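A quick note: this is a predicted structure, and the numbers were derived from the prediction, not measured. Numbering starts at 1 and runs along the sequence shown.
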Amino acid sequence: MIVNSLSLCYHNKLILAPMVRVGTLPMRLLALDYGADIVYCEELIDLKMLQCKRVVNEVLSTVDFVAPDDRVVFRTCEREQSRVVFQMRK
């Protein structure tokens with residue numbers, strides 16, 4: 001099997017499974033600290049993501065996707081890069 005650099009290999013990995021309202025950045029980072037190899041974000045709706053503005057948050061060293069009502073819909077950081085599974089539904 002050929003795996004490119006953008007793919008995740010699930011073989012022999014410890015994975016934080018998708019959970020409703022629990023897959024936020026603090027939980028994902030905690031799971032990584034405790035040994036998870038791969039983490040899932042909360043399931044996001046495609047329309048909400050399309051409406052978001054990408055904002056680099058220098059205070060937290062994160063990238064935030066902010067809705068028009070100023071609510072952070074999704075937040076990520078460099079620590080979880082290449083180890084997070086982004087879930088989106090229609």
When rounded to the nearest 0.5 angstrom, what distance separates [atom1] in [X] from [atom2] in [Y]?
{"X": "M19", "Y": "Y40", "atom1": "CE", "atom2": "OH", "result": "12.0 Å"}
{"X": "L16", "Y": "D37", "atom1": "CG", "atom2": "CG", "result": "11.5 Å"}
{"X": "R79", "Y": "L29", "atom1": "CZ", "atom2": "CG", "result": "4.5 Å"}
{"X": "M27", "Y": "L32", "atom1": "CE", "atom2": "CG", "result": "10.5 Å"}

### Query
When clusters are formed from ILVMFWY side-chain contacts under 4.5 Å, directly or step by step, what else is grouped with V55?
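Reading the cluster by chain and number, V55 sits alongside V66, V72.
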### Query
Can you list the other members of the hydrophobic cluster that holds V56, where links are side-chain heavy atoms under 4.5 angstrom apart?
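Members alongside V56: none; it stands by itself.
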### Task
Among residues two or more places apart or on two chains, list those pairs meeting side chain to side chain donor-acceptor pair (under 3.5 Å) that have a residue in residues 10-24.
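Side chain to side chain donor-acceptor pair (under 3.5 Å) check on residues 10-24 returns no pairs.
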### Message
Strictly by side chain to side chain donor-acceptor pair (under 3.5 Å), give each pair with a member in residues 65-74 just once, sequence neighbours left out.
### Response
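Passing the test, one end in residues 65-74: no pairs.
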### Query
Who are the side-chain contact (heavy atoms from CB on, under 4.5 Å) partners of N57, not counting sequence neighbours?
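Checked N57 against side-chain contact (heavy atoms from CB on, under 4.5 Å); matches are V59, L60, T62, D64, R75.
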### Task
Mind listing the closest non-hydrogen atom pair of C9 and I38 along with its distance?
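For C9 and I38, the tightest heavy-atom pair comes out as O-CD1, 3.6 Å.
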### Task
Check L25 against C77 and note the closest heavy-atom contact, atom names and distance.
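That closest heavy-atom pairing would be CD1-SG, 4.0 Å.
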I'd like a table of donor-acceptor pairs (distance under 3.5 Å, sequence neighbours excluded) in which one partner is a side-chain atom from residues 83-90, with atom names and distances.
unit_1, atom_1, unit_2, atom_2, d
Q87, NE2, C41, O, 2.7
R89, NE, E43, OE1, 3.1

### Query
When hydrophobic residues are tied together by side-chain contacts of less than 4.5 Å, even through go-betweens, does I15 share a cluster with V39?
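Each belongs to a different hydrophobic cluster.
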Review item, side-chain donor-acceptor pairs of residues 46-53, under 3.5 Å, at least two apart:
none

